[in-house]
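Report on the structure given below.
For the numbers below, each heavy atom of this structure counts, side chains included, while hydrogens, waters and symmetry mates do not. Quick caveat: nothing in here was measured; it's all calculated off a predicted structure.
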Amino acid sequence: MAPTVVLITGCSSGMGLAEAVHLATVSKHDFKVYATVIDLGEKGDLEKAAGDSLDKKLFIHQLDVTKEDTIKSVVDEILREDGRIDVVGIRELNNARVTGNYTGFFFYNPPSSVDIAQHLMNVNLFGPARVIQAVLPTMKKQMSGRIINTTSGTGIEGTPFLEFYSASKFALEGFSESIAPVLRKGYNIRVSILEPGAVKTHLLTRCLDPAFKIEYICGTWEEKGQQLYKDYWEKDLKPRVFAYQQPEEIAQLLEEIILSDDPHLRYQSDPLLKATAAAKLKDPTSDSVFKLFKSLR
């Protein structure tokens, strides 16, 4: 039997790296993984983690979700080699890479906020849309496929001080929810939204460092803004950050979604996020969406 062909974006580190390596080296299922990085100069950690699976079950390619030519190049290569694409796992670029030390704050850095907001949308919404647009013709022809878009807890409820980042995640969730019933009904293509909580990535590791000071983020703000953020950090954000998951846990969840015969629309990665989703959504799996439209049942 031919392996399940998987394309995963954003694999230079963190969750993307863990997902690609898990499917290629840990899973008992036969996966062939195309793991992409935005810059081939940053593939060292992925190559090391792939070990003996490199160029056998895990293949590294360059892909920038903001550049259609790089997406087309990878998709064309996969189709030449395998003739099909079974699964696409899409995640945004590392937020620190997108914004430097700036993480989407609006009211406290207005001079550059709009430009950064546009870039966040380009990466977190239009980037996945470009990838999906590139693979859809093949999946439609196959009459099968899995598309898994990674958002976060900020896509469930708006996160204070992350206005534009939250907006970009809400946008991707709405986009995913809109295309899911049509692709499921018409083409047997299943769309799922993976919503991780705090995960120990490079960015989170910086926050966990004993030398980290909250002033690194808010130290240039006016006094009231600094106090609001410091209170939010201590009472709300810090407890969530320190209850982090490992990237490998997200990778296991991704595999479960891929191998599910009838995957949900939404998956939360930890109990706290499930409780958050349950408090905001009547059905945290959002499978009710598939029953909402009579013509798409």
With a 4.5 Å heavy-atom cut-off, do [X] and [Y] have their side chains touching?
{"X": "Asp86", "Y": "Val6", "answer": "no"}
{"X": "Gln245", "Y": "Ile250", "answer": "yes"}
{"X": "Ser286", "Y": "Leu281", "answer": "yes"}
{"X": "Lys282", "Y": "Ser288", "answer": "no"}

Please check if [X] and [Y] belong to a single hydrophobic cluster, counting links between Ile, Leu, Val, Met, Phe, Trp and Tyr side chain heavy atoms closer than 4.5 Å.
{"X": "Val191", "Y": "Val131", "answer": "yes"}
{"X": "Ile78", "Y": "Val33", "answer": "no"}
{"X": "Val74", "Y": "Ile85", "answer": "yes"}

So does [Y] get a backbone contact from the side chain of [X], meaning a donor-acceptor N/O pair under 3.5 Å?
{"X": "Ser260", "Y": "Ile257", "result": "no"}
{"X": "Gln226", "Y": "Gly219", "result": "yes"}
{"X": "Ser192", "Y": "His264", "result": "yes"}
{"X": "Asp287", "Y": "Leu265", "result": "yes"}
{"X": "Lys280", "Y": "Ile156", "result": "yes"}
{"X": "Ser166", "Y": "Thr159", "result": "yes"}
{"X": "Thr36", "Y": "Ile8", "result": "yes"}

[atom1]/[X]: more than 12 non-hydrogen atoms of other groups inside 6.0 Å:
{"X": "Asp69", "atom1": "CG", "answer": "yes"}
{"X": "Phe175", "atom1": "CZ", "answer": "yes"}
{"X": "Phe126", "atom1": "CZ", "answer": "no"}
{"X": "Lys72", "atom1": "NZ", "answer": "no"}
{"X": "Glu68", "atom1": "CD", "answer": "no"}

Report yes or no: do Gln118 and Asn122 form a side-chain donor-acceptor pair below 3.5 Å?
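On atom types as modelled, these side chains do not qualify, holding no pair under 3.5 Å.
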When you compare the side chains of Glu77 and His61, does any donor N or O come within less than 3.5 Å of an acceptor on the partner?
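No - no donor-acceptor pair under 3.5 Å links their side chains.
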Result of checking Lys169, Arg266, Glu173 against Thr151 for side-chain hydrogen bond (donor to acceptor under 3.5 Å, both in side chains)
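Only match with Thr151 under side-chain hydrogen bond (donor to acceptor under 3.5 Å, both in side chains): Glu173.
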Run the side chain to side chain contact (heavy atoms under 4.5 Å, CB included) test on Asp76 and Arg80 for me, step by step, so that the C-alpha distance in whole Å, both residues' side-chain angles and the decisive distance to 0.1 Å come before the verdict.
CA-CA 6 Å; Asp76 288 349; Arg80 281 194 298 269; 3.7 Å; yes
Between His22 and Leu254, is the side chain to side chain contact (heavy atoms under 4.5 Å, CB included) condition met? List the steps.
CA-CA 10 Å; His22 176 87; Leu254 178 75; over 6 Å; no
Do the ring planes of Phe161 and Tyr229 sit parallel (below 30°), tilted (30 to 60°) or perpendicular (above 60°)?
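Taking Tyr229 first and then Phe161, their aromatic rings stand perpendicular (interplane angle over 60°).
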Evaluate Arg130 against Asp64 for salt bridge (Lys or Arg N to Asp or Glu O under 4.0 Å), listing each step before the verdict.
CA-CA 10 Å; Arg130 292 185 189 99; Asp64 183 336; over 6 Å; no
